[in-house]
Amino acid sequence: MTRIDPLQLHQRFPRDFIWGVATSAFQIEGAATADGKGPSIWDTFCRQPGAIADGSNGDIACDHYHRWPADLDLIKALGVDAYRFSVSWPRVQPTGEGAWNEPGLAFYERLVDGLLARGIKPYLTLNHWDLPQALQDRGGWANRDTVHRFVDYACGMAARLGDRVAAITTHNEPWVVAVLGHETGIFAPGIKRRATAMQAAHHLLLSHGLALQALRAQGCSSRLGIVLNLSPIGPATSRPEDVAAARLEDGRSVRWYMDPLFKGAYPADVLEHLGADAPHIEADDLRHIATPMDFLGVNYYTRSVVSASGTWDVKTSGRALTDMGWEVYPEGLTELLLRLHHDYRVPPLYVKENGAAFKDQLVNGSVHDAERTDYIAHHIAAVADALAQGVPMAGYMVWSLLDNFEWASGYEKRFGIVHVDYSTQQRTPKDSALWYRDFLRARAAAPAAPDPVLAGA
Ligand code: IFM
């Protein structure tokens, strides 16, 4: 890939564009049973033989629960504006309802205050997948009662931190929770039943809308939204069966979430395809789901190419692949952002996750991860391309600050711009972190891009 000049890249963004790094609770915190934390579905899932590639779990992870001050210093040293983190629901409310766990709340209060003291905006996510196991024991996201438990949890967190966090995301990637957690079963809670997955998806969306209403009713001043994992989805060939398969996949993974959130209806073609597996929907549910948002977050890693036979081989694309086997395809991000802008009346858009796993080598205190640096630089350029075409882009966050627990892949896949030696917990900024820092420093020298809205006036 061609090298991108950080200064020129910066000139393509407005001054108030938010730059950040992202993590999630289960992937970095560890301290699985510390200070009254209850078990989550991922604590349970990791104990199932064969569930995690390297047989690992989140018991220690990056030990961020104990090392957060040094980690916040690292974030500060990068020069970012914002840090996106998630709250472990069972750490603050061990059984998902009723009693709150004061030490858990105090941890997030220290974290938020520590960010503010360092001049970094906290971006809080309520659900990055670690549902309290006690709620799963009663059906989890497939049980409509979990919707109300989530709203209570959201209100409790906002009452405690809503005056200090810049933004609150309800759910991260509901497609993953629904489909990987309840249909293919490769993620917690490991259920393999499509009807359960679609009911879970509906309840996730409903809980999002009801939480937004409740948070606004209690005067929460944070900006509120959701984060979806989305990709442009195209057919492997122009054969009608491949085109139809790609359209259905787009319906299941993009329109199933975007349409109810922004148009107040599930896509008719997907409902018809699901038949008896379609979710039970009550009166007013769709009106609640379509509650207006202050922002939409998008997580982008790669495009999706679909064939009716399911046989498209990513290696035939000729593009570089990451260690996850995902094709490096930055122009797909521009394509996706333009589509969201044109097909939906989207509020300000943030890329809330973007990054790549590669096989890093720590040699003499350095990690020369040129592939990751290129990946990030080209995806930032793809965001600039969308911005230049009128998409209301407001921010970009790298996934991830640290190497961490990559779910079913365990610790084998490294997404961090900071290397973690799991035996010593030593952190080492990789070359990509140094590039990101230098890119952010270039802001001081770069003339600001004209505001795209004002420029068009
Ligand atoms: O690590 C995950 C993250 O938790 C959610 N989005 C995708 C990342 C990479 O797989």
Side-chain angles (χ1 to χ4, degrees), residues 1-6 8-9 12 22 53 173 175-176 180 228-239 242-243 245-250 252-254 298-340 351-361 367-389 391 393 396-400 403 406-409 412-417 430-433 435-436 439:
M1 280 195 187
T2 49
R3 275 293 151 118
I4 292 184
D5 176 338
Q8 284 181 0
L9 190 52
R12 304 184 65 196
E173 303 183 355
W175 176 90
V176 170
L180 302 191
L228 305 178
N229 56 307
L230 300 174
S231 293
I233 298 169
T237 72
S238 56
R239 287 206 305 268
D242 287 345
V243 173
R247 176 75 186 154
L248 179 62
E249 184 53 32
D250 177 74
R252 290 214 53 195
S253 57
V254 178
V298 171
N299 294 349
Y300 176 81
Y301 290 90
T302 190
R303 68 169 170 169
S304 176
V305 180
V306 175
S307 76
S309 57
T311 53
W312 188 71
D313 179 3
V314 67
K315 295 196 191 82
T316 61
S317 85
R319 299 293 191 107
L321 304 183
T322 71
D323 196 28
M324 300 295 282
W326 298 345
E327 183 191 23
V328 178
Y329 197 77
E331 57 269 53
L333 178 54
T334 314
E335 185 187 327
L336 171 70
L337 296 171
L338 283 166
R339 188 253 178 119
L340 298 178
V351 173
K352 287 282 180 86
E353 286 183 24
N354 176 243
F358 288 108
K359 290 199 186 307
D360 300 316
Q361 302 288 337
V367 179
H368 300 307
D369 57 338
E371 292 165 300
R372 183 177 292 104
T373 305
D374 278 356
Y375 180 100
I376 293 170
H378 282 83
H379 283 79
I380 291 175
V383 175
D385 290 344
L387 195 57
Q389 293 174 73
V391 182
M393 296 306 306
Y396 171 92
M397 301 195 184
V398 172
W399 184 269
S400 179
D403 289 336
E406 179 52 28
W407 308 112
S409 303
E412 289 178 352
K413 306 295 180 194
R414 292 178 175 271
F415 273 90
I417 57 172
K430 305 177 190 176
D431 285 358
S432 54
W435 180 89
Y436 198 45
F439 167 70

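Sequence positions, counted from 1, serve as the residue numbers for this chain.
Listed by chain and number, the residues in a side-chain contact (heavy atoms from CB on, under 4.5 Å) with Ala356 are Thr322, Phe358, Tyr375 (sequence neighbours excluded). Listed by chain and number, the residues in a side chain to side chain donor-acceptor pair (under 3.5 Å) with Arg239 are Glu241 (sequence neighbours excluded). Residues that satisfy the ring pair (Phe, Tyr, Trp, His ring centres under 6.0 Å) test with Trp312, not counting sequence neighbours, are absent from this structure. Scanning for side chain to side chain donor-acceptor pair (under 3.5 Å) contacts around Ser238 gives an empty result, with sequence neighbours left out. By the salt bridge (Lys or Arg N to Asp or Glu O under 4.0 Å) test, Arg372 pairs with Asp360, Asp369, sequence neighbours left out. Applying the salt bridge (Lys or Arg N to Asp or Glu O under 4.0 Å) test to Glu173 and every residue at least two apart in sequence or in another chain returns nothing. Residues forming a side chain to side chain donor-acceptor pair (under 3.5 Å) with Tyr436 (at least two apart in sequence, or on another chain): none. For the ring pair (Phe, Tyr, Trp, His ring centres under 6.0 Å) test, residues two or more places apart in sequence or in another chain that qualify with Tyr300 are His379. Under the ring pair (Phe, Tyr, Trp, His ring centres under 6.0 Å) criterion, Trp435 pairs with Phe439, sequence neighbours left out. Looking at residues two or more places apart in sequence or on another chain, you find a salt bridge (Lys or Arg N to Asp or Glu O under 4.0 Å) between Asp403 and Arg414, Lys430. Residues passing the salt bridge (Lys or Arg N to Asp or Glu O under 4.0 Å) test with Glu331, sequence neighbours excluded: Arg319.
To the nearest 0.5 Å, the span separating OG1 on Thr311 from CG on Asp242 amounts to 7.5 Å.
Counting only residues at least two apart or in different chains, salt bridge (Lys or Arg N to Asp or Glu O under 4.0 Å) contacts with residues 302-318 comprise Arg303-Glu327.
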